[in-house]
Enquirer: 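One structure, pasted below without further comment.
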Amino acid sequence: MRWTVLVDNRTNDSRLETEHGLSVLLETERHRILLDTGASDAYIRNAERMGIDLSGVDYVFISHGHSDHAGGLKHLAEVNDKARIIVAEEAVHSRFFSNRGQLHSITAEWPKEIRDRLLFADDCSRICDDIHIMTHIPQIRPIPEGNRYLLAENEDGDYVADDFGHETALYTDGLLFTGCAHSGLENILAACHYPVKTVVGGFHLLDDHETEQELSDLAHRLTEDYPDTHFYTSHCTGDKVFATLKKIMGDRIDAFSCGMTVMIRG
């Protein structure tokens with residue numbers, strides 16, 4: 001298995017574009033899965049620059065309905081005409097907003113040409129023998145403080161706190177993809193009933209939101225509760241947050257960026 005970051009907020013490769021978004025290509029023995037599509041078609045251009053052909057992708061997994069993870073879907077048909085798109089139905093039929101700064105929409109577009117390829121994850125936890133989806137993640141442990149800026153539109157047209165019922169996570173062959181982990185990293189891990197060797201995704205821990213003590217406690221819990229798990233994060237994990245986690249977790253956590261490829265041997 002290997003995974004390659006197609007787009008992220010950061011890069012160490014001057015050839016590649018960055019954006020506030022995330023897209024990762026996961027390749028297993030049986031599947032080529034596009035994990036989120038970033039905010040635009042940057043993931044397609046970056047894939048071309050890296051010599052990656054996206055036409056052979058058989059599944060596209062969308063972790064939630066925000067445009068920084070699903071915005072690139074409207075360009076998918078340009079490079080792939082077959083992949084089934086795994087997503088929560090609520091992500092497709094809801095409208096989402098952020099009030100950081102001024103109120104603005106973060107709703108993704110769902111063009112007609114891809115709608116017949118949607119595979120709603122709400123009613124199934126297993127797509128096939130080796131792809132499992134975590135839906136309606138129980139929020140028992142702490143959720144990110146940054147969620148307080150994020151809203152959804154209800155049936156009356158009012159803006160209410162987003163409860164992230166539209167967020168899902170994907171597991172296959174020991175790897176857990178968290179998307180943004182709005183539901184809380186520990187909650188997603190608890191909802192996954194399979195052995196997790198690798199966690200990949202954003203943790204939605206923004207700088208200067210959680211306290212140093214809260215981050216320190218989280219790092220110690222992750223180290224103690226998941227001793228055999230390696231964590232990779234970027235996108236919506238702040239630089240200062242990562243430094244705090246790294247100080248405690250050491251080589252158990254690493255940052256990713258555009259163009260990075262990681263091989264995982266069974």
Side-chain angles (χ1 to χ4, degrees), residues 1-88 91-92 108-121 127-128 130-133 168-173 175-180 198 200-202 232-236 256-264:
M1 175 192 292
R2 70 177 179 181
W3 52 274
T4 302
V5 183
L6 301 183
V7 80
D8 179 52
N9 301 48
R10 306 164 175 91
T11 188
N12 293 317
D13 187 335
S14 60
R15 299 176 302 156
L16 304 180
E17 299 175 45
T18 61
E19 66 181 9
H20 180 70
L22 180 60
S23 182
V24 175
L25 178 64
L26 174 62
E27 299 170 278
T28 73
E29 290 184 1
R30 295 178 58 186
H31 301 288
R32 300 183 78 226
I33 309 169
L34 186 62
L35 304 171
D36 287 338
T37 61
S40 70
D41 58 350
Y43 73 103
I44 295 174
R45 292 192 294 274
N46 283 348
E48 291 173 348
R49 290 164 185 152
M50 289 186 280
I52 295 173
D53 181 7
L54 296 180
S55 65
V57 167
D58 52 342
Y59 286 106
V60 177
F61 171 74
I62 299 298
S63 61
H64 60 298
H66 290 175
S67 57
D68 56 331
H69 290 252
L73 263 180
K74 61 186 177 183
H75 304 286
L76 179 66
E78 300 170 13
V79 292
N80 184 293
D81 61 3
K82 68 174 185 178
R84 297 298 303 276
I85 301 164
I86 306 165
V87 63
V92 177
E109 295 180 39
W110 300 88
K112 292 180 179 179
E113 59 265 28
I114 64 160
R115 291 215 170 208
D116 61 348
R117 296 159 66 179
L118 298 180
L119 180 59
F120 290 128
I127 302 301
C128 53
D130 57 345
I131 300 177
H132 304 267
I133 308 298
T168 58
L170 179 143
Y171 173 91
T172 185
D173 293 342
L175 184 143
L176 177 64
F177 178 67
T178 65
C180 256
T198 306
V200 178
Y232 293 89
T233 190
S234 186
H235 178 49
C236 54
F256 60 73
S257 61
C258 287
M260 178 177 172
T261 296
V262 176
M263 299 287 297
I264 301 175

Enquirer: List for me each residue that meets side chain to side chain donor-acceptor pair (under 3.5 Å) alongside S234, sequence neighbours excluded, and say none if there are none.
Expert: D8, R10
Enquirer: I'd like to check the side-chain contact (heavy atoms from CB on, under 4.5 Å) partners of A47; sequence neighbours left out, ordered by chain and number.
Expert: L6, I52, L54
Enquirer: Looking only at heavy atoms, which two atoms of C258 and N46 are closest? And how far apart?
Expert: SG-ND2, 4.3 Å
Enquirer: Residues in salt bridge (Lys or Arg N to Asp or Glu O under 4.0 Å) with D13, at least two apart?
Expert: R15
Enquirer: Output every pair passing side chain to side chain donor-acceptor pair (under 3.5 Å) with a member in residues 30-39, not counting sequence neighbours, ordered by first then second residue.
Expert: E27-R32, H31-D58, H31-D130, D36-S63, D36-H69
Enquirer: About how many Å separate CZ of R115 and CZ of R117, when rounded to the nearest 0.5 Å?
Expert: 13.5 Å
Enquirer: Within a strict 4.5 Å, meaning less than it, do heavy atoms of the F256 and V262 side chains meet?
Expert: no
Enquirer: Does N80 reach the main-chain N or O of S55 with its side chain, forming a donor-acceptor pair under 3.5 Å?
Expert: yes
Enquirer: T18: which residues meet the side chain to side chain donor-acceptor pair (under 3.5 Å) condition with it, sequence neighbours left out?
Expert: none
Enquirer: What is the distance from atom OG1 of T172 to atom CD1 of I33, rounded to the nearest 0.5 Å?
Expert: 5.5 Å
Enquirer: Quick check against the 3.5 Å criterion: does E19 have a side-chain atom that pairs as donor or acceptor with the backbone of A39?
Expert: yes
Enquirer: Is it true that a side-chain atom of T233 and a backbone atom of G201 form a donor plus acceptor pair closer than 3.5 Å?
Expert: yes
Enquirer: May I have all residue pairs that pass salt bridge (charged side-chain N to carboxylate O under 4.0 Å, His left out) and include part of residues 39-49, sequence neighbours excluded?
Expert: E17-R45, E17-R49, D41-R45
Enquirer: Can you name the ring-ring contact (aromatic ring centres under 6.0 Å, His included) partners of Y232, sequence neighbours left out?
Expert: W3, H230
Enquirer: Which atoms form the tightest heavy-atom contact between A108 and G71, and what is the distance?
Expert: CB-N, 4.3 Å
Enquirer: Working to the nearest 0.5 Å, report the span between OG1 of T28 and CD1 of I131.
Expert: 7.0 Å
Enquirer: Quick one: side chain to side chain donor-acceptor pair (under 3.5 Å) partners of E109, sequence neighbours excluded?
Expert: K74
Enquirer: Rounded to the nearest 0.5 Å, how far does CG of L119 lie from CD1 of I62?
Expert: 12.5 Å
Enquirer: With E78, which residues qualify under side chain to side chain donor-acceptor pair (under 3.5 Å), at least two apart?
Expert: H75
Enquirer: Mind checking the CD1-CZ spacing from I114 to R84? Nearest 0.5 Å is all I need.
Expert: 12.0 Å
Enquirer: Is there a side-chain contact (heavy atoms from CB on, under 4.5 Å) between L118 and W110? Walk through the geometry before answering.
Expert: CA-CA 10 Å; L118 298 180; W110 300 88; 4.2 Å; yes
Enquirer: Do you know the tightest heavy-atom contact between S257 and N12?
Expert: OG-ND2, 3.6 Å
Enquirer: Hey, what do you get for CG (D116) to CD1 (I85), rounding to the nearest 0.5 Å?
Expert: 8.5 Å
Enquirer: Could you walk me through whether M263 and M1 pass the side-chain contact (heavy atoms from CB on, under 4.5 Å) test, one step at a time?
Expert: CA-CA 6 Å; M263 299 287 297; M1 175 192 292; over 6 Å; no
Enquirer: Determine the minimum heavy-atom distance between L175 and I264, stating which atoms define it.
Expert: CD1-CD1, 3.9 Å
Enquirer: Go through L22 and F177 one step at a time and tell me if the side-chain contact (heavy atoms from CB on, under 4.5 Å) criterion holds.
Expert: CA-CA 11 Å; L22 180 60; F177 178 67; 4.0 Å; yes
Enquirer: With heavy-atom distances below 4.5 Å as the criterion, would you say the side chains of L25 and Y43 are in contact?
Expert: no
